[in-house]
Amino acid sequence: MLFLDEMGEFPSSILDGLRQPLEEGAVMVCRSHATARFPARFILVGAMNPCPCGGKGTERRCHCTSAGIARYARRVSGPLLDRFDLRVTMEKPDIVELMTGPRGESSASVAARVAKVRRLAQAREIPCNAMIPAGWLDELAPLSAEAVELLSRKIESGDLNARGLHRVRRVARTIADLNDCTGALQEEHVGLALQLRPEPFRHEDEKEKVA
Amino acid sequence: MTVSGNGGVTVETEEELSYAAALAGLPKLDPGRLRWLMGLDPLPSKVWRRIADGRVPPTRALPGGTVSSWRRHVASTSPEQVMERCRRSDVRVLTLACPDYPARLADDPQAPAVLFAHGDLGILDAPTAALVGTRRATGYGRDAARLLGRRLAAEGVVVVSGMASGIDVAGQRGALAAGRAAVVGVAGSGLDVVYPPESRDVWRAIGEHGLLLSEAPLGSPASWFRFPERNRIMAALADVVVVVETPARGGSLSTVDHAIRRNVPVMAVPGPITSNASLGTNRLLADGCGVAYDADEVLVQLGVTPRSSRRRERDRGPGRPEPAPEDRAVLEALDLTPTLFEKVLARTGRPALELASALYRLEAAGWARSGPGWWERRVR
C-alpha cells in the first residue's frame with residue numbers, strides 16, 4: 001500500500017509516474033538492449049484538502065476563489081483522479097468526540113468481512129473485485145433496471161464518465177458482496193458506490209448552465 | 001447626422017464616436033477623469049487633439065506622468081481602428097450626446113462619459129430590477145436568485161445584473177429561463193472579454209436576446225477596480241435593487257450605497273440566521289430595507305400588477321413530485337446548507353445503503369442537491 005499525504009504537493013511528474021503501475025500493475029523499464037517488467041500491484045491511498053484553505057463544506061467558511069480551487073484541483077491530474085475507486089470526503093473530527101466517543105469496530109471483525117468478500121471474488125476466478133476486467137462486468141456485476149436508471153442519470157448530468165462507470169460497478173459489486181447479495185447489483189448498492197466516489201472538485205455554477 | 005454648435009448640444013458623428021471610444025482606452029483613467037476630460041470640449045476629436053498637443057490643463061489631481069502617458073497613447077492609437085474593432089464585434093459606442101444613450105443613465109450625476117453597448121437599448125424602457133449578491137453564494141441564495149429572476153422576468157420586469165459568479169449569474173439564468181422579458185448584463189470587463197469563464201453561457205444568451213453594457217473598452221480585462229464602478233451603473237439603471245444574499249462585507253453592498261445615493265429603493269432577501277452568507281442581507285433588513293421574501297413584494301415596489309395566479313402557477317413550472325413517506329424523514333434531516341453524508345447517516349440512524357438510495361431518489365425528484373460527499377435541501 002502506498003499512502004500519499006497532501007497529494008497535491010507532489011510534483012506532477014511523480015504523480016504521472018503512478019499511472020502505469022495503477023493501470024497495468026507493473027512498471028516497465030526500457031533500455032536499448034533489454035526491457036524489464038517489475039510487478040507493481042498496490043493499493044494507492046491519497047489524501048488532500050477539498051480546497052487550498054481547507055474550509056470548504058465545513059462550518060468554517062471557505063475563502064477560496066473558484067480560480068484558486070481550480071488551480072489547486074489541477075495539481076492532481078483528471079486522469080489520475082479518475083483512477084481512484086473511492087473518493088470520500090471526510091469531516092474534520094471533533095476533538096471531544098475523538099477522545100470520548102465510542103470506539104470503532106475492531107480490526108479483526110473488519111478483516112473477517114474483507115476476507116469473506118475476497119473469497120467470493122476468488123470464486124469468480126479473480127483475485128479481487130477491483131480487478132474484474134471491463135469485459136466481464138456484465139457477467140459478474142450485472143445491473144438491475146433501477147440501477148441502470150440511476151447510473152444513466154448520473155452520466156447525463158455529467159457526474160459520471162465511462163471510466164468512472166466501470167469503477168462504480170466494481171465498488172457496487174463489493175458492497176453487494178458485503179451485504180450477502182451475490183446476484184445482480186441493485187439500485188442501493190450502486191447508490192452507495194456513487195456516494196463513495198463523487199467528483200471531488202466541481203464549481204457549483206458549472207452545474208446550472210443555461211441551454 | 002450633422003454636428004451643430006449651438007448651446008453646446010452636438011449630435012455625434014461616427015467619427016466623433018471613434019474618438020470617444022479611443023479616449024475611453026486611455027491609461028490611468030477612471031470614470032471621473034474621463035468625464036472631466038470629455039468636458040474640456042464638446043467634440044471628442046478636439047479633446048484628442050488637446051492631449052496630442054499637450055494642451056491638457058494641469059491640475060493637482062492629474063500628475064504630469066499621467067498626462068505624458070496619455071500623449072504617448074494618443075500618438076500610438078488609431079481611433080479608426082478602435083471603432084472598426086467595435087463594429088466587428090457589433091458593439092455600439094455611446095456618449096451623452098447620443099439620442100440613444102440610456103435616459104436612466106443620462107440624468108445620473110456620475111453618468112458614464114462613454115458607454116459600450118451590444119444588443120437592444122430599447123429594453124430599458126420596461127421596469128427594471130437589479131438582482132445582486134455575493135459571489136460565494138450558498139445553494140439557498142442561488143435558488144432564491146433564480147426563483148426571483150424567473151418570476152420577475154415572467155411578469156415583464158427586466159433583470160439587471162453583473163454576470164458575476166454566484167447570485168448575479170443565478171438571477172440571470174432564472175430570468176433567461178422565463179423567456180418573456182429581456183435581461184441586461186453590465187460587465188466590468190470589455191464586452192469581448194467574458195468574465196468569469198463560468199458565465200459564458202449567460203453572456204452569450206444575453207448577447208443574443210438582451211443588452212450587454214460596459215464602461216470598459218473592448219479588450220479590457222476584468223480588473224478589480226472596475227467592479228465598484230460597474231455597480232454604480234447597475235444601481236443607476238434599476239428601479240429597485242434586490243440584494244439576495246451577502247455576508248457582512250461584500251461587493252453588492254457598494255451597489256446598495258450607490259442605490260441609496262440615487263434614491264433607488266433597496267430590498268433584501270431574508271436568510272437563515274445560522275448562515276454567515278446572509279448576515280449582510282439580514283442586517284439590511286434590520287436597517288429598514290424592503291423585504292423581498294416573494295417576487296410579489298418586488299412587483300409591488302415596482303408598481304407592476306402580477307398577472308392572474310393561475311398563469312403564475314404555470315410559470316412556476318411543473319411542481320416536484322411529493323417525496324415517498326419513508327423518504328420524508330431523510331429530507332427533514334437535510335439543511336439548506338451542505339451536510340456531510342456521515343452526518344446525515346448519524347442524524348437519521350438509517351443503514352448506509354438505505355440512506356444513499358433515499359437521497360438519490362430525493363435528488364431525482366428535485367428535493368435535494370449533492371456535492372462531493374455532502375447533501376443539502378433544495379428550495380426549488
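Keep in mind that this is a model prediction, so the values were computed, not measured. By convention in this document, chain letters (A, B, ...) are assigned in the order of the sequence lines, proteins followed by strands, and residues within each chain are numbered from 1.
- With a threshold of 4.5 angstrom between heavy atoms, B/A364 approaches chain A through its backbone and through its side chain.
- A salt bridge does not link A/E146 to B/R361: none of the charged side-chain nitrogens sits closer than 4.0 Å to a carboxylate oxygen.
- Around the CZ atom of A/R19, the shell of radius 6.0 Å holds more than 12 heavy atoms that belong to other residues, nucleotides or ligands.
- Other residues, nucleotides and ligands contribute over 12 non-hydrogen atoms within 6.0 Å of the CG atom of A/L86.
- Residue A/L196 does not touch chain B at all, counting heavy-atom pairs closer than 4.5 Å.
- Within 6.0 Å of CD in A/E139 there are 12 or fewer heavy atoms belonging to other residues, nucleotides or ligands.
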Determine whether B/W375 and A/Q195 satisfy the following criterion, side-chain contact (heavy atoms from CB on, under 4.5 Å), listing intermediate values before the conclusion. CA-CA 10 Å; B/W375 289 84; A/Q195 182 58 51; 2.8 Å; yes
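- Closest of all the heavy-atom pairs between A/K154 and B/S370 is NZ-OG, 4.1 Å.
- No other option in A/Q186, A/R197, A/R153, A/H189 has as many heavy-atom pairs under 4.5 Å with chain B as A/R153.
- In plain terms, the two heavy atoms of A/P198 and B/P372 that are nearest each other are CG-CA, 3.8 Å.
- In terms of heavy-atom pairs under 4.5 Å with chain A, the best-connected choice from B/A358, B/A356, B/G139 is B/A356.
- The 12-atom threshold is not exceeded at CD of A/E156, counting heavy atoms of other residues, nucleotides or ligands nearer than 6.0 Å.
- Counting heavy-atom neighbours within 6.0 Å of A/R87 CZ, excluding the residue itself, gives a total above 12.
- Looking at every heavy atom in both residues, A/T89 comes nearest to B/E342 through O-OE2, 4.1 Å.
- In A/E125, the CD atom is not crowded: 12 or fewer heavy atoms of neighbouring residues, nucleotides or ligands sit closer than 6.0 Å.
- The environment of CZ in A/R83 is crowded: more than 12 heavy-atom neighbours from other residues, nucleotides or ligands sit within 6.0 Å.
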A/L194 and B/Y360: CA distance, side-chain angles, deciding distance, side-chain contact (heavy atoms from CB on, under 4.5 Å) verdict: CA-CA 10 Å; A/L194 284 168; B/Y360 284 115; 3.3 Å; yes
